[in-house]
Amino acid sequence: QQQVRQSPQSLTVWEGETTILNCSYEDSTFDYFPWYRQFPGKSPALLIAISLVSNKKEDGRFTIFFNKREKKLSLHITDSQPGDSATYFCAAMRDNAGAKLTFGGGTRLTVRP
Amino acid sequence: GGIITQTPKFLIGQEGQKLTLKCQQNFNHDTMYWYRQDSGKGLRLIYYSITENDLQKGDLSEGYDASREKKSSFSLTVTSAQKNEMAVFLCASSIGGGYAEQFFGPGTRLTVL
């Protein structure tokens, strides 16, 4: 059973639009949720992260919204750019589990000019 | 700053063969990880190590062995390669466990004939 799920699997938007990527999780003991971005042919890198104490985390054009009651997160990318085209992974961990990070299956985003 | 080096970049093996992948980091990070990424899929944790000589199993440890020879290096062995197996193995490191950002290496692409 996949503990972290992402939707959609792939998404295409036009330049300038707002992109919304969804993530949900099963385990209520997860308390930290980083998002990693992977450009084609490259390795993943941390983009933005949120913890259980926050409902929202913003970094430039990237914002995470967190609904703890429903165990759902969403990553919003405003003014999407072709350079944002990449695969976005939602991940989850719990502090008392050492360094173990559980990744979702990813959403492949394409931004068309 | 620092870098993570993975060798080899490409690995071609035969069914049943034992194959070893190596990872070196010069961040002076305590924790190191091995992930498997299948084409178009998310990352699955194979093994991680919180400190030298420590080993922790991830969700996908069956069929693999790992060794943390020293703080800067972490090896992964595929104990018996499966025919038609194809995946990228990513090594990562972080300054500690818990919520620390994970930095990824460039990957080793495995093909089993």
Side-chain angles (χ1 to χ4, degrees), chain A residues 1-11 21 23-27 29-54 57 59 86-110, chain B residues 1-6 9-10 21 23 25 27 29-52 54-61 66 68 74 87-109:
Chain A
Q1 183 184 4
Q2 199 171 6
Q3 293 195 51
V4 179
R5 296 182 182 176
Q6 292 186 246
S7 64
Q9 280 191 300
S10 64
L11 178 64
L21 309 177
C23 176
S24 63
Y25 61 98
E26 301 286 332
D27 191 335
T29 63
F30 285 143
D31 56 13
Y32 183 69
F33 304 89
W35 287 75
Y36 281 76
R37 178 174 62 184
Q38 185 176 30
F39 292 110
K42 301 294 184 183
S43 296
L46 180 65
L47 175 64
I48 187 172
I50 193 166
S51 67
L52 208 59
V53 300
S54 303
K57 179 73 177 290
D59 185 356
T87 300
Y88 291 79
F89 293 101
C90 173
M93 70 188 312
R94 61 182 78 83
D95 188 34
N96 62 358
K100 193 174 174 183
L101 196 56
T102 300
F103 282 84
T107 295
R108 180 178 291 184
L109 172 66
T110 302
Chain B
I3 60 168
I4 296 177
T5 305
Q6 291 187 238
K9 192 171 180 180
F10 299 96
L21 295 69
C23 176
Q25 54 95 1
F27 286 100
H29 283 167
D30 294 307
T31 307
M32 296 185 74
Y33 314 78
W34 277 106
Y35 290 93
R36 174 181 167 130
Q37 185 173 29
D38 291 275
S39 182
K41 301 284 178 65
L43 284 70
R44 290 182 288 174
L45 182 64
I46 305 172
Y47 270 98
Y48 65 104
S49 167
I50 293 172
T51 188
E52 187 178 338
D54 174 75
L55 279 179
Q56 307 280 340
K57 290 184 178 182
D59 297 322
L60 199 67
S61 60
R68 184 83 181 270
F74 195 27
V88 175
F89 290 83
L90 292 166
C91 176
S93 70
S94 65
I95 195 165
Y99 301 156
E101 177 180 357
Q102 295 186 19
F103 294 85
F104 286 83
T108 291
R109 185 174 295 274

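In the text below, chain A, chain B and the rest are named by the order of the sequence lines, each starting its count at 1.
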Can you tell me how the ring of B:Phe74 sits relative to the ring of B:Trp34, calling it parallel under 30°, perpendicular over 60° and tilted otherwise? tilted
I'd like to check the ring pair (Phe, Tyr, Trp, His ring centres under 6.0 Å) partners of A:Tyr88; sequence neighbours left out, ordered by chain and number. none
Quick one: what part of B:Gln102 sits under 4.5 Å from any heavy atom of chain A, side chain, backbone, both or neither? both
A:Pro34 versus chain B, the contacting section by heavy-atom distance below 4.5 Å: neither
Using the six-membered ring wherever Trp is involved, compare the ring planes of A:Tyr25 and A:Phe33 and label them parallel, tilted or perpendicular (cut-offs 30° and 60°). tilted
Heavy-atom pairs under 4.5 Å with chain B - which of A:Gln6, A:Gln38, A:Gln9 has more of them than the others? A:Gln38
Any idea how B:Phe104 and A:Tyr36 line up, ring-wise: parallel (<30°), tilted (30 to 60°), or perpendicular (>60°)? perpendicular
Under 4.5 Å from any heavy atom of chain A, what part of B:Phe103 do you find: side chain, backbone, both or neither? neither
In terms of heavy-atom proximity below 4.5 Å to chain A, should B:Thr31 be classed as side chain, backbone, both, or neither? side chain
Taking ring pair (Phe, Tyr, Trp, His ring centres under 6.0 Å) as the definition, give me every residue that meets it alongside A:Phe30, ordered by chain and number, with sequence neighbours left out. none
Bottom line for B:Leu90: the part with an atom under 4.5 Å from chain A's heavy atoms is side chain
